[in-house]
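Below you'll find the structure, written out as structure tokens, and then a few comments.
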Amino acid sequence: MKIDPRKELYAILDVLPTATQKEIKRAYRRLARRFHPDSGAKEASIERFRDVEEAYRILSDEKTRQAYDKQRAELGIGYQAALNWNIVPSREKLPTGPEEQMFYLLVEVFPAEGIEARRLPLNLCLVIDRSTSMNGERLKYVKTAAHRIVDDLEDDATLSIVGFSDRAEVLMPSSPIADRTRAHASIASMWAGGGTEILHGLKAGLEQLRHRHRDEVVSYLILLTDGRTYGDEEKCLAEARRAGLERIGISALGIGEDWNDAFLDDLVRQAEGVSAYISYPQQILAVLRDQVRGLGGLFARRVQLTLRFSEHAWLASAFRTAPHFEYLVPADGVLTLGTLHIGKLMQVLLEIVVSAPDAQQGRLVQLDLAADLPSLGRDERLLQDVEVEFVADPPKEAVPTLIVNTLGRLSVFRMQKDAWQALEDGRQDEARQRLERVATRLLDMGEDDLAHRVLIEAGRVAQGGRASDKGYKTIKYSTRSLGIG
Amino acid sequence: MIECPSCGKKHRPGTLFCTECGVYLSTGGALRTSPLATDELPKSRGATMERTSPEERSKGARSLRVHILESGRQVQLSATSELLVGRLDAAHGIFPDLDLTGDGGLEKGVSRRHAKIIQRGGEFFVEDVGSANGTFLNDQRLTPYLPYPLNKSDQLQIGRIKLQIAWDDQ
């Protein structure tokens with residue numbers, strides 16, 4: 001078959017270059033009916049009909065389609081997908097019957113090979129808690145870290161610095177980092193005193209970021225705090241939500257044991273950021289640097305996965321398993337996955353319940369991934385049907401190692417979460433038992449230090465009915481990272 | 001429903017990990033490989049270290065095709081210098097390249113870390129890594145932790161599971 005790579009076959013069929021065979025077939029049927037010379041329709045045209053026929057002939061056969069795509073790519077006119085994914089089902093075949101079955105789907109999303117994404121200029125705001133409790137070591141190390149960040153920033157970055165206690169001051173209004181002396185001076189001028197009201201700092205910081213926020217820059221607010229904010233949580237979350245919609249990110253570093261982890265986790269989730277736990281002031285520099293470095297390599301933001309289930313299947317639970325473990329709660333069938341960085345991988349694990357009394361073969365779920373790629377200035381979409389075969393007596397299949405490995409580590413994270421829930425509900429005995437099981441699993445995995453930590457907290461729960469804040473935060477934020485690597 | 005062997009919680013079929021205690025349900029997690037009755041196993045005739053002729057050896061890392069005779073399953077293993085054969089136990093961090101769990105591995109005496117297939121200098125070797133029920137090459141029980149050269153027509157036996165291994169010449 002002769003293939004002319006200059007012909008816009010996808011456009012003729014009115015489908016995306018990433019279209020599935022099913023979509024191509026559907027488009028062909030629709031257009032063939034419309035343009036068929038005998039259709040009697042006003043648009044009937046033998047030329048258009050022939051074009052549609054030819055496009056379908058080439059694109060409906062994966063071999064000729066690939067040849068066409070390849071020739072176009074060589075001419076530099078091909079569509080190059082910027083995102084790629086890898087969809088791994090736990091089984092290919094499921095038994096027929098009314099009994100509900102558990103089925104797992106692992107989805108990995110990563111930048112496509114050969115895509116050159118440029119680093120975007122960073123528009124950064126450091127919002128620093130300078131309440132009385134920060135006095136001494138903590139503020140000292142925060143200042144040292146901030147000085148280093150100023151030196152590290154690329155020359156095209158802009159920086160603003162906000163200090164807050166029960167009120168906020170803009171220590172340095174948003175300005176190009178070229179003026180490093182001014183940044184250093186404003187960091188040095190910070191002193192500790194007053195209460196902690198995050199809302200003031202958050203608002204002042206976001207306002208600075210908005211001055212310089214554009215589509216082609218990465219705007220992020222990094223909040224460093226060691227305390228709880230009282231009474232303004234709801235307003236903070238509303239601010240974060242608004243920032244998220246404007247594509248301004250918020251990350252938070254909690255220092256010490258007194259900050260409210262549930263609140264900060266919630267805050268950063270609204271605006272595609274990450275929260276981190278810093279148990280010793282000496283760690284501030286490393287964690288902050290790591291965060292800032294990651295921001296420049298932003299590849300995709302607002303990554304969202306829409307799930308369209310068939311009547312045979314429904315979602316039991318969903319997790320993001322990389323960069324770190326996180327429960328995902330679908331809103332109208334959409335999972336919000338956050339950001340993807342250059343050279344990194346995003347991983348989602350879906351637990352799906354399947355019940356197929358009479359099905360033969362079919363689609364369990366359609367995965368529809370959408371993302372905003374700021375460094376390429378475009379949106380991207382990936383679409384895939386996940387199908388399984390239903391048979392009376394399916395053969396035993398080996399579950400892919402990747403799924404077993406991920407699930408095994410994830411189960412530890414889930415178990416610790418259940419343990420804290422039991423403790424919160426006043427079921428101390430159950431909490432202790434659950435913590436001991438977490439410790440057993442951790443020992444099996446070779447995570448001896450963390451296992452030891454968990455056992456200490458289990459002992460505390462057994463004796464005094466509660467765990468230490470430090471132990472709780474260490475366990476929570478460490479098990480969250482078990483999946484990495 | 002299936003029941004967790006460790007804590008008794010019931011789960012839907014197909015569930016891989018117990019949400020209560022984290023046990024891997026496909027193998028029952030901490031379950032050990034139990035020694036098989038000795039009369040079920042071929043007699044050990046002591047290990048030999050016969051070398052293959054140079055013609056039979058080939059070069060470069062190649063992928064292996066494994067035919068599991070018990071289940072009829074055929075597996076293609078990627079070309080790496082060392083492949084672990086055994087039973088998957090995620091909780092203990094054991095992820096064999098060739099996982100025999102689905103081929104009746106537990107009942108047939110396969111250890112979690114059972115044997116290794118090694119590629120070195122274009123030749124294949126098999127080494128038992130201290131399995132409970134032994135590795136057999138053409139009905140000879142191998143001395144653990146000693147590599148034995150593997151030829152194409154050889155029959156390899158892991159516990160009581162027989163494998164046929166093949167590879168392409170280059």
Side-chain angles (χ1 to χ4, degrees), chain A residues 89-91 93-95 97-104 106 316-317 349 351-355 388 394-419 422 430 433-447 479 482 485, chain B residues 1-2 4 6-27 29-32 66 68 70-78 80 83-108 110 112 161:
Chain A
S90 60
R91 292 192 276 174
K93 289 180 177 150
L94 290 172
E99 194 178 16
E100 289 181 345
Q101 301 279 321
M102 201 58 134
F103 175 80
Y104 302 89
L106 190 99
S317 46
L349 190 103
E351 290 191 334
I352 297 169
V353 178
V354 183
S355 158
V388 292
K396 265 207 154 183
E397 293 175 66
V399 181
T401 314
L402 186 62
I403 289 191
V404 182
N405 189 354
T406 309
L407 260 177
R409 289 169 170 268
L410 180 68
S411 72
V412 178
F413 171 74
R414 298 173 83 169
M415 283 157 64
Q416 62 90 35
K417 194 162 196 260
D418 291 344
E430 184 191 325
Q433 197 186 13
R434 284 182 185 274
L435 285 175
E436 283 168 1
R437 285 172 172 168
V438 169
T440 311
R441 290 291 125 201
L442 287 169
L443 279 175
D444 287 344
M445 287 161 64
E447 299 281 346
T479 52
L482 282 177
Chain B
M1 297 297 253
I2 54 172
C4 171
S6 172
C7 71
K9 189 175 161 73
K10 294 211 164 42
H11 298 280
R12 291 187 183 91
T15 305
L16 291 173
F17 282 89
C18 177
T19 46
E20 282 295 303
C21 62
V23 156
Y24 183 50
L25 293 171
S26 189
T27 61
L31 278 188
R32 295 193 174 278
V66 180
I68 299 147
E70 318 293 318
S71 58
R73 189 159 73 98
Q74 307 232 24
V75 197
Q76 183 92 29
L77 295 172
S78 57
T80 47
L83 294 160
L84 180 66
V85 183
R87 254 187 325 107
L88 186 139
D89 181 356
H92 292 81
I94 298 169
F95 300 101
D97 302 287
L98 178 59
D99 172 26
L100 297 173
T101 309
D103 309 285
L106 184 64
E107 307 88 79
K108 297 222 157 80
V110 176
R112 284 173 293 189
I161 292 187

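Sequence lines set the chain letters: A, B, ... in the order given, protein chains first and strands last, and positions in each chain run from 1.
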> Which heavy-atom pair separates S411(A) from G22(B) by the least distance, and what is that distance?
Replying inline: OG-CA, 4.0 Å
> Given side chains that start at C-beta, do those of D99(B) and T401(A) come closer than 4.5 Å, heavy atoms only?
Replying inline: no
> Any salt bridge between E99(A) and R12(B), counting N to O under 4.0 Å?
Replying inline: no
> E351(A) versus T15(B): any side-chain heavy-atom pair under 4.5 Å?
Replying inline: no
> Under 3.5 Å, is there a donor-acceptor pair between the side chain of Y24(B) and the main chain of V404(A)?
Replying inline: no
> So do the side chains of E20(B) and M415(A) get within less than 4.5 Å of each other, counting heavy atoms only?
Replying inline: no
> If you round to the nearest 0.5 Å, how far is CG of L16(B) from CG of L410(A)?
Replying inline: 11.5 Å
>> What's the separation between atom CG in L88(B) and atom CG in N405(A), rounded to the nearest 0.5 Å?
In response: 8.5 Å
>> Can you tell me which portion of L94(A) sits under 4.5 Å from chain B's heavy atoms? Options are side chain, backbone, both or neither.
In response: neither
> What pair of heavy atoms forms the shortest contact from Y104(A) to F17(B), and how long is it?
Replying inline: OH-N, 4.4 Å
>> With side-chain contact (heavy atoms from CB on, under 4.5 Å) as the criterion, how do R437(A) and C7(B) come out once you've worked through the C-alpha distance, each side chain's angles and the decisive distance to 0.1 Å?
In response: CA-CA 11 Å; R437(A) 285 172 172 168; C7(B) 71; 3.6 Å; yes
>> Which atoms of V353(A) are under 4.5 Å from chain B, going by heavy atoms: the side chain, the backbone, both sets, or neither?
In response: side chain
